[in-house]
Protein chains: 2
Amino acid sequence: MPKIVDHEARRAEIAEALWRVVRRDGIGGASVRTVAAEAGWSPGAVRYYFPDQEGLLNFAMDLVSRRVRERIGAIEAIEATGTLTEIALRYLEEVIPLDSEREAEFETWLSFIAQALTETGAGGLRDHLGPVQDGLLELCQSLITALSDGNTLRAGLDLQLEAERLHALVDGLALHVAVQPGRTTPARVHQILIAHLETLQP
Amino acid sequence: MPKIVDHEARRAEIAEALWRVVRRDGIGGASVRTVAAEAGWSPGAVRYYFPDQEGLLNFAMDLVSRRVRERIGAIEAIEATGTLTEIALRYLEEVIPLDSEREAEFETWLSFIAQALTETGAGGLRDHLGPVQDGLLELCQSLITALSDGNTLRAGLDLQLEAERLHALVDGLALHVAVQPGRTTPARVHQILIAHLETLQP
DNA sequence: ACGACGATAACACAGGTGTGCTAAAAAGAG
DNA sequence: CTCTTTTTAGCACACCTGTGTTATCGTCGT
């Protein structure tokens, strides 16, 4: 029997190289050859795992999607000390790109979004947009629900609307951090999120 | 004397063709040839007005930037009837992509952002990011200030922080409209903005 | 040792790209 | 009409792209 490699792991490794290329040169710079060079293999080797580049791009975007949702799922196990608001804050900051790793992830994701929006109808990159969006929205929903159940929420609020408002705020902050990190600093994001959560309190 | 054409107008016309190509095929699809075909000229003609494609891209992005800021400036003349909150709402909805034209503009802008973020340091597309961002932030600032001066604002609010929070909310909503127009409808955006402005009232 | 087969590399081809250069066309002044 | 300058089209070159095909390498069970 010949050498056996874990295909899925190898594909993930190549996809991560794709991310780095996309972040460095934009999505247009992600050719089979450049990705192969970034990953440290020959173009032929890359094409063994991905017959065409469309499949490569799709896999890479899907992998981002899966990683993001995994991370959102993983933070269920976050430290549950302090007030409910403090806990909610900790959840949210897990999602906003405040360190360089998540910053890279968000910028890459932004490139994917821009590319996916050019495709009309479903069936390509566009299919990966919804799940990530949904994951973050569901997180916001469960946070709002938790605040509500803990009587940490003003009465008479529309919970669904508040979740969507929080969701938009979080994505907007993430975008601002990416575009103008000098102005929208992590500390500033912290302040704005605190202020927002406080306005939800009784 | 030879035929005289308005260079600036012709460049703008070509830049608008560039936008259409970017929106349809992504920024990678915007070559000198494709843009020329979209604009209805020969590649040579396009190259007469833009010596290289980097200049073309820069001009096109700068033109978006100028147009957006012009539009923000132009809505100073908006109808000033109703409560201050209603007026503020009308301003904000002038900025969020709720019709197909501004939707196209926003998607194109998103592609530019993604591409600009790949460039390290200043000097390229990245220079056009700040001004647009600033324009929208300043609009939010003046709206918050107007609400404050009109005693339509809760006491004790940090005006600068509220402007930034509103700014992030607006950009997040715009992003959500672009990514999931099915879920984030214009009517929903309207509701969320109203809810947000109401939380700022005394 | 050997052979079989998964994994990798290499090459070939047609097509698209940016851009430098050159020839043609158009249009008003004299 | 003719000349002059601006504007447009066209061609050529080297380079990069995706992908199909073919050959080589490495590793293991026998």
Side-chain angles (χ1 to χ4, degrees), chain A residues 1-61 111-112 115-116 118-119 123-125, chain B residues 1-61 111-112 115-116 118-119 123-125:
Chain A
M1 287 276 231
K3 159 164 93 166
I4 298 289
V5 321
D6 181 340
H7 275 220
E8 198 58 20
R10 177 63 57 89
R11 285 155 75 93
E13 189 179 344
I14 295 173
E16 287 170 15
L18 183 287
W19 299 346
R20 294 194 293 275
V21 173
V22 167
R23 174 149 195 245
R24 184 179 349 105
D25 303 324
I27 221 165
S31 72
V32 174
R33 287 168 173 83
T34 56
V35 171
E38 174 69 31
W41 277 296
S42 80
V46 168
R47 289 206 49 232
Y48 179 75
Y49 296 96
F50 297 99
D52 55 16
Q53 90 160 353
E54 189 187 333
L56 209 181
L57 226 67
N58 256 287
F59 182 89
M61 187 164 177
S111 286
F112 279 134
Q115 189 62 32
T118 67
E119 302 176 353
L125 296 180
Chain B
M1 283 281 225
K3 148 166 103 168
I4 297 292
V5 323
D6 182 339
H7 276 218
E8 198 58 20
R10 179 61 58 85
R11 284 156 76 93
E13 188 179 343
I14 295 173
E16 287 170 16
L18 185 284
W19 298 347
R20 293 194 295 274
V21 173
V22 166
R23 175 149 194 244
R24 186 181 347 107
D25 303 323
I27 220 164
S31 71
V32 174
R33 286 168 174 81
T34 56
V35 171
E38 173 71 29
W41 279 295
S42 81
V46 169
R47 275 188 31 96
Y48 178 75
Y49 295 96
F50 297 99
D52 55 17
Q53 89 159 351
E54 189 187 334
L56 210 182
L57 226 67
N58 257 289
F59 182 89
M61 187 164 178
S111 285
F112 279 134
Q115 189 61 31
T118 67
E119 302 177 354
L125 297 180

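A note on names: the letters A, B, ... follow the listed sequences, proteins ahead of strands, and every chain is numbered from 1.
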Problem - Atom-pair distance (CD1 on Ile14(B); P on dA9(D)), nearest Å - result: 10 Å
Exercise for the section: Search all heavy atoms of Ala30(B) against all heavy atoms of Leu18(B) and return the closest pair with its distance. Expected result: CB-CD2, 3.5 Å
Handout entry: Phosphate contact (dT8(D) OP1 or OP2) by Tyr49(B) side-chain N/O below 4.0 Å
Key = yes
Handout entry: Positive for ring pair (Phe, Tyr, Trp, His ring centres under 6.0 Å) with Phe59(B), one of Tyr49(B), Trp19(B), Phe50(B)
Key = Phe50(B)
Exercise for the section: For Ser111(A) and Gly26(A), indicate whether the former's side chain and the latter's backbone hold a donor-acceptor pair under 3.5 Å. Expected result: no
Exercise for the section: Round to the nearest Å and state the distance from Trp41(B) atom CH2 to dA26(C) atom C1'. Expected result: 15 Å
Exercise for the section: Would you kindly give the CD-to-C1' distance between Gln53(B) and dG16(C), to the nearest whole Å? Expected result: 12 Å
Completion exercise
The answer to which of Gly44(B) and Gly28(A) contacts DNA chain D further toward the 5' end, by nearest nucleotide, is Gly44(B)
Handout entry: Phosphate OP1/OP2 of dA7(C) contacted by Tyr48(A) side-chain N/O (<4.0 Å)
Key = yes
Handout entry: Under-4.0 Å side-chain N/O to phosphate OP1/OP2 contact, Arg10(A) with dT8(C)
Key = yes
Handout entry: Presence of Ser31(A) side-chain N/O under 4.0 Å of dT17(D) phosphate oxygens OP1/OP2
Key = yes
Handout entry: Interatomic distance where CZ belongs to Arg11(B) and P belongs to dT7(D) [whole Å]
Key = 12 Å
Exercise for the section: Would you kindly give the CG-to-P distance between Asp6(B) and dA27(C), to the nearest whole Å? Expected result: 17 Å
Problem - Minimum-distance nucleotide (side-chain atoms of Thr34(B) versus dG18(D), dT8(D), dT17(C)) - result: dT17(C)
Problem - Base dG10(D) paired with Arg47(B) side chain (donor-acceptor, <3.5 Å) - result: no
Problem - Options dG18(C), dT17(D), dT8(D), nucleotide nearest the side-chain atoms of Ser42(B) - result: dT8(D)
Handout entry: Euclidean distance, atom CZ of residue Arg33(A) to atom P of dG18(D) [Å, nearest integer]
Key = 7 Å
Problem - Distance in Å, Ile27(A) CD1 paired with Met61(A) CE, rounded so as to fall on 0.5 Å steps - result: 8.0 Å
Exercise for the section: Report yes if a side-chain nitrogen or oxygen of His7(B) is closer than 4.0 Å to either non-bridging phosphate oxygen (OP1 or OP2) of dT6(D); otherwise report no. Expected result: no
Problem - Spacing between Asp52(B) atom CG and dT19(C) atom C1', to the nearest angstrom - result: 9 Å
